[in-house]
Protein chains: 2
Amino acid sequence: MKNLIDLEELKTLAPAGYHIAVRMGFVFPAEEHNAMPLGWVRHYTARGFMMQDPILRWAYAETGQTRWSALKENDPFGILDQARGFGLTFGVAVSLRDLPGDAATGVEQGSRSFGSFARHDREFAPSEIARLQDIVQERHDALTPPTNLTEAELEAMRLARDGMLLKEIAHQLGVSEGAIKQRLKSAKLKLDARNSTHAIAKATQFGLI
Amino acid sequence: MKNLIDLEELKTLAPAGYHIAVRMGFVFPAEEHNAMPLGWVRHYTARGFMMQDPILRWAYAETGQTRWSALKENDPFGILDQARGFGLTFGVAVSLRDLPGDAATGVEQGSRSFGSFARHDREFAPSEIARLQDIVQERHDALTPPTNLTEAELEAMRLARDGMLLKEIAHQLGVSEGAIKQRLKSAKLKLDARNSTHAIAKATQFGLI
DNA sequence: ACTCAGAGTCGCCAAAAAGGAGAGCTAAAA
DNA sequence: TTTTAGCTCTCCTTTTTGGCGACTCTGAGT
């Protein structure tokens, strides 16, 4: 899937780094964009900060926007202080979710997306925060998975993903090669993909296969 | 990539459910297997339990094995009690990581994998726990990514993943179509893949592209 | 009961794309 | 120097794709 995020704009809006997680599932997101400083990522990962991170804690619990500075009292491990040592001085987080039962998305349980953005020099302006929220919302919407793929189409894609030829897939599923072509063609159409490789990459990122 | 986990065996070992995350990145695992009860997943997700989950907290901080019953004193939100209402009565978690700087894996920062397993009727036996740890370790090892792919090979796969034709990729990168074929061929060899679609699926799951 | 639309299946054909073998060329490592 | 890995190219084969039409089945509406 093409990266639809304007990386230049994000680099301008959050010059010190950003982290975006789109459509969280049970525990993990459908897509992740991580441009936090490498030193911070190592520091953070090595210490397992994830479970104490006040930003993630907020993002899982709330919806809307917050400056990191508003989370200070909820940071017993001083993670925000340590982040400052990596140029992550001022920050803002946005979090959003589908409405539960939103028929348009076909997602029963609304899924959540959030982003965290940092700069070194000053607090974020309200207009910048609004734009960042829009960016996360756009990506959230872009990853709304199609729900009309049939099990036959998904199964054909699963086997193609594992490197099988059309004739092998056809034999394994007990149908003609033409039928497999038709299934993949239909899947490409539904996924708005240019070829089978593209369709399979998209379906994988959607968590469909 | 084929699912190499013996689902039947897991179903026998953890009849009430299991959740395995292999090779965590910053926030995101290379692979996730979730067979927890659907009701529990909804309950858990809707309430954002992830950030308070004593099992995840343990898994991010420790290495080895632990019974859920040993985590009770570290569960202020009573998540383990609530899990019991979904048949998740007895449980065990295992967590493991590469040694930092392990040359064999080529991973600078050792990555972490963990699993959580549940049954309704009794505590897990030590031999069962050992077997579960082996299963997670096997999967962890299976997902050791190859490190010898060149940037040229990765770039060709990225563009192919996004649906571009070989001639388009060649034009965009300013080389011949034959060169792109050669790069993909080399990538297929290194990834032990049967064709480009397979190679791209593998590279994606390894987090290489 | 009847028609209609849509989805799924299949075969055929021609064109496009991908894959495979082999060989030359270069730069860096042993 | 020899070796090795990476890149490039050409020629040829295999696979995939797109377009067409036809058949079946099912469910919705008339």
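Naming convention: chains lettered A, B, ... in sequence-line order (proteins, then strands); numbering from 1 in each chain.
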E153(A) CD - dG8(C) C1' separation (whole Å): 9 Å
With F117(B), which of I135(B), I129(B), I20(B), L13(B) fulfils side chain to side chain contact (heavy atoms under 4.5 Å, CB included)? I20(B)
For E151(B), report the nucleic acid contact type (base, sugar-phosphate, nothing); a contact means any heavy atom under 4.0 Å. nothing
Just by distance, no angles: are the side chains of R112(B) and S95(B) close enough, under 3.5 Å, to form a donor-acceptor pair? yes
To the nearest Å, how far apart are L189(B) CG and dG19(C) C1'? 14 Å
Side chain of V175(B) - closest among dG6(D), dG8(C), dT8(D): dT8(D)
Verify the distance criterion only: is there a donor paired with an acceptor across the side chains of H19(B) and S116(B) at less than 3.5 Å? no
Could you tell me the separation between the CZ atom of R183(B) and the P atom of dA18(C), rounded to a whole number of Å? 15 Å
Classify the nucleic acid contact of S186(B) as base, sugar-phosphate or nothing, counting any heavy atom under 4.0 Å across all strands shown. nothing
With sugar-phosphate meaning primed atoms plus P, OP1 and OP2, does A152(B) contact a base, only sugar-phosphate, or nothing at under 4.0 Å between heavy atoms? sugar-phosphate
Rounded distance (Å) that lies between atom C1' of dG6(D) and atom CG of L149(B): 13 Å
Please determine, by modelled atom types, if Y44(B) and D53(B) share a side-chain donor-acceptor pair under 3.5 angstrom. yes
In whole angstroms, how far is the C1' atom of dA17(C) from the NE2 atom of H171(B)? 18 Å
Go nucleotide by nucleotide along DNA chain D from the 5' end; which of G174(B) and Q182(A) gets its closest nucleotide reached first? G174(B)
Separation of dT9(C) atom C1' from L173(A) atom CG, nearest Å, is 13 Å
Round to the nearest Å and state the distance from I169(B) atom CD1 to dA16(C) atom C1'. 15 Å
Take nucleotides 10-19 of chain D nucleotide by nucleotide from the 5' end and write B, S or -, depending on whether a protein heavy atom sits under 4.0 Å from the base, only from the sugar-phosphate, or from neither. B----SSBBB
L191(B) backbone acceptor or donor facing K202(B) side chain under 3.5 Å: yes
Run the ring-centre check on F49(B) versus H43(B) and record whether the distance is less than 6.0 Å. yes
Using side-chain heavy atoms (C-beta onward) and a distance below 4.5 Å, is L166(A) in contact with K181(A)? yes
